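Computed from a prediction, not measured in an experiment: that's the story for all the values here.
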Amino acid sequence: VYMDQMGRRVRDRLVMEHQLRDALQSESFRLHYQPIVEMQTGEIVAVEALVRWQMADGKLRMPGEFIHVAEDSAMIIPLGEWVLRTACLQQKKWLAAGLDLGMAVNLSTRQFLDPHLMDKVMNIVRETGVEASRLKLEVTESAAMHNPEESVEILCALTENGVKIAIDDFGTGYSSLSYLRRIPADTIKIDRMFVEGLGDQLQDETIVRTVIALANALGKVTVAEGIETREQYAAIRAMGCNYAQGYLISMPLSAEDLSKLLDRGTKLI
C-alpha cells in the first residue's frame with residue numbers, strides 16, 4: 001500500500017542527506033559545551049561537547065533533528081571525527097588559557113562499531129596534542145550491548161591508551177551486570193528520565209539510589225543528567241552522586257560564551 005506521506009518522508013530524508021553532505025563540506029556545524037559540576041562543591045570540572053547544525057539564516061538545528069539521518073546514511077562517521085577533533089582543539093585552547101576542563105564526547109552506535117575507531121581516536125589525540133587522559137568518550141548502554149564481547153575489547157583498547165569511558169543513558173537498555181563489571185568504564189551517567197521522576201515517582205528514586213550504590217560498589221563515579229531544579233540537585237547529591245549536568249547548572253554554550261561565564265568563576269551552583 002502506497003501513501004503520499006510515505007513518498008514525502010522519503011523525499012525529505014533524501015533532501016536532508018544532501019544537505020548534511022553540503023554542511024560537512026562547508027563546515028556548517030558548531031559545537032556547544034554543557035558544564036559538568038562536582039556536586040559537593042558546585043565547581044565545574046568538565047564539559048560535554050554537543051553538536052549543532054548552523055543554517056544559512058543563523059538558526060541552529062538540534063541533534064534530534066538530523067543525527068538519525070546521519071547515523072543511517074553513515075555520514076555520522078566523518079561528522080563524529082569532526083566533533084572529536086574540534087572538541088580536542090577547544091580543550092587545548094582552554095588549557096592554554098589556564099582552564100583545566102575534562103572533555104566528554106559522545107560516540108554514536110555506528111561510530112562505536114567502526115572497525116577503525118581506535119586508530120581514528122588516537123590519531124586525533126596525537127594531531128591535537130591533548131592528553132588522552134583528559135578525554136572521555138561516552139558510549140550509550142545500548143551501543144555497548146550491541147555486541148558485548150567485541151565492545152569489551154574495544155573499550156579495553158581505548159582505556160589502555162589512556163582514554164576514559166562513560167556509559168551513557170544507563171538504565172535504559174539491557175546491559176548484563178556481568179558485562180558491566182567487565183567494561184572498563186570509569187563513569188556511569190544516570191539518564192534524565194529517572195532524574196525527571198524524582199519527587200513524583202518512588203520507583204525512579206529507587207532506581208537512582210540503586211545505580212549510585214552499584215557504581216560505588218564497582219569503583220565508578222556517577223553523573224546525573226538533566227537536572228533542572230534545585231530540589232533534584234539536592235536530592236541526588238544527598239544520595240551520593242558525584243557529578244551533575246543540566247539546565248539548572250547551565251544550558252549548552254558556545255566556547256566563547258562558556259569562556260565568558262568562567263571568567264566570573266568556576267563555581268556554577
Side-chain angles (χ1 to χ4, degrees), residues 16 19-20 22-38 42-71 75-108 111 121 124 128 130 134-140 164 166 168-169 187 189-192 195 223-228 233 243-269:
M16 181 170 285
Q19 291 174 336
L20 279 170
D22 288 346
L24 279 168
Q25 293 179 353
S26 62
E27 298 184 351
S28 297
F29 293 99
R30 302 289 181 268
L31 285 189
H32 280 196
Y33 303 89
Q34 187 167 37
I36 299 171
V37 299
E38 202 283 322
E43 296 279 345
I44 180 173
V45 295
V47 295
E48 179 181 352
L50 301 166
V51 68
R52 305 288 188 257
W53 181 1
Q54 185 166 354
M55 311 307 291
D57 59 4
K59 293 182 179 179
L60 297 177
R61 297 185 74 168
M62 297 296 105
E65 301 179 52
F66 62 86
I67 285 295
H68 63 288
V69 177
E71 179 90 2
M75 278 184 286
I76 195 67
I77 300 296
L79 176 57
E81 289 181 57
W82 177 87
V83 169
L84 181 58
R85 181 175 288 104
T86 303
C88 287
L89 288 171
Q90 182 58 56
Q91 185 185 40
K92 194 75 181 294
K93 290 179 182 178
W94 277 327
L95 285 169
L99 294 172
D100 187 3
L101 298 176
M103 180 66 70
V105 179
N106 292 285
L107 288 182
S108 73
Q111 281 179 278
V121 170
I124 290 174
T128 57
V130 301
R134 296 182 184 273
L135 175 64
K136 181 169 292 185
L137 298 180
E138 297 191 358
V139 181
T140 63
K164 295 180 179 178
D168 198 9
D169 300 340
T187 302
K189 301 195 76 172
I190 302 169
D191 189 74
R192 67 181 64 243
V195 174
V223 180
E225 298 183 287
I227 294 182
E228 297 185 355
Y233 188 95
Y243 303 100
Q245 68 183 108
Y247 276 25
L248 172 67
I249 299 155
S250 173
M251 64 185 296
L253 301 170
S254 67
E256 181 181 0
D257 287 342
L258 182 57
S259 297
K260 291 178 181 177
L261 176 65
L262 294 178
D263 283 342
R264 300 196 295 269
T266 57
K267 187 175 178 64
L268 299 187
I269 189 167

[Y] and [X], any side-chain heavy atoms less than 4.5 Å apart:
X: Leu60; Y: His32; result: yes
X: Ser250; Y: Leu261; result: yes
X: Leu50; Y: Leu31; result: no
X: Val130; Y: Arg134; result: no
X: Asp168; Y: Glu225; result: yes
X: Lys136; Y: Met103; result: no

Could you pull out all residues at least two apart from [X] that satisfy side-chain hydrogen bond (donor to acceptor under 3.5 Å, both in side chains)?
X: Gln34; value: Gln245
X: Glu38; value: Thr41
X: Gln54; value: Arg30
X: Arg61; value: Glu65

Minimum heavy-atom separation for [X] and [Y], please, with both atom names.
X: Pro63; Y: Arg52; result: CD-NH1, 3.4 Å
X: Ala87; Y: Val105; result: CB-CG2, 3.9 Å
X: Ala49; Y: Asn106; result: O-ND2, 3.8 Å
X: Ala46; Y: Leu101; result: N-CD2, 4.3 Å
X: Tyr233; Y: Gly42; result: OH-CA, 4.1 Å
X: Val47; Y: Pro35; result: CG1-CA, 4.1 Å

*Assess whether atom NZ of Lys93 is packed by more than 12 heavy atoms of other residues, nucleotides or ligands within 6.0 Å.*
no

_As a quick check of understanding, evaluate side-chain contact (heavy atoms from CB on, under 4.5 Å) for Ile44 and Leu99, giving each step before the final call._
CA-CA 10 Å; Ile44 180 173; Leu99 294 172; over 6 Å; no

Could you tell me the separation between the [atom1] atom of [X] and the [atom2] atom of [Y], rounded to the nearest 0.5 Å?
X: Leu262; Y: Lys267; atom1: CG; atom2: NZ; result: 14.0 Å
X: Ile67; Y: Ile76; atom1: CD1; atom2: CD1; result: 4.0 Å
X: Leu107; Y: Leu137; atom1: CG; atom2: CG; result: 4.5 Å
X: Glu43; Y: Ile269; atom1: CD; atom2: CD1; result: 12.0 Å
X: Met16; Y: Gln19; atom1: CE; atom2: CD; result: 6.5 Å

_Partner of Tyr243 by side chain to side chain contact (heavy atoms under 4.5 Å, CB included), out of Val37, Val45, Thr187_ = Val45

*asked:* Restricting to salt bridge (charged side-chain N to carboxylate O under 4.0 Å, His left out), what partner residues turn up for Lys164, sequence neighbours left out?
replied: none

*Return each pair, listed once, that meets ring pair (Phe, Tyr, Trp, His ring centres under 6.0 Å) where at least one residue sits in residues 77-100; pairs must be two or more places apart or across chains.*
Tyr33-Trp94

*Any donor-acceptor pair under 3.5 Å from Gln90 side chain to Ala255 backbone*: no

*Please work out which of the three classes, parallel, tilted or perpendicular, describes the rings of Phe66 and Trp53, given edges at 30° and 60°.*
perpendicular

*Evaluation steps, side-chain contact (heavy atoms from CB on, under 4.5 Å), between Leu84 and Leu135*: CA-CA 10 Å; Leu84 181 58; Leu135 175 64; 3.9 Å; yes

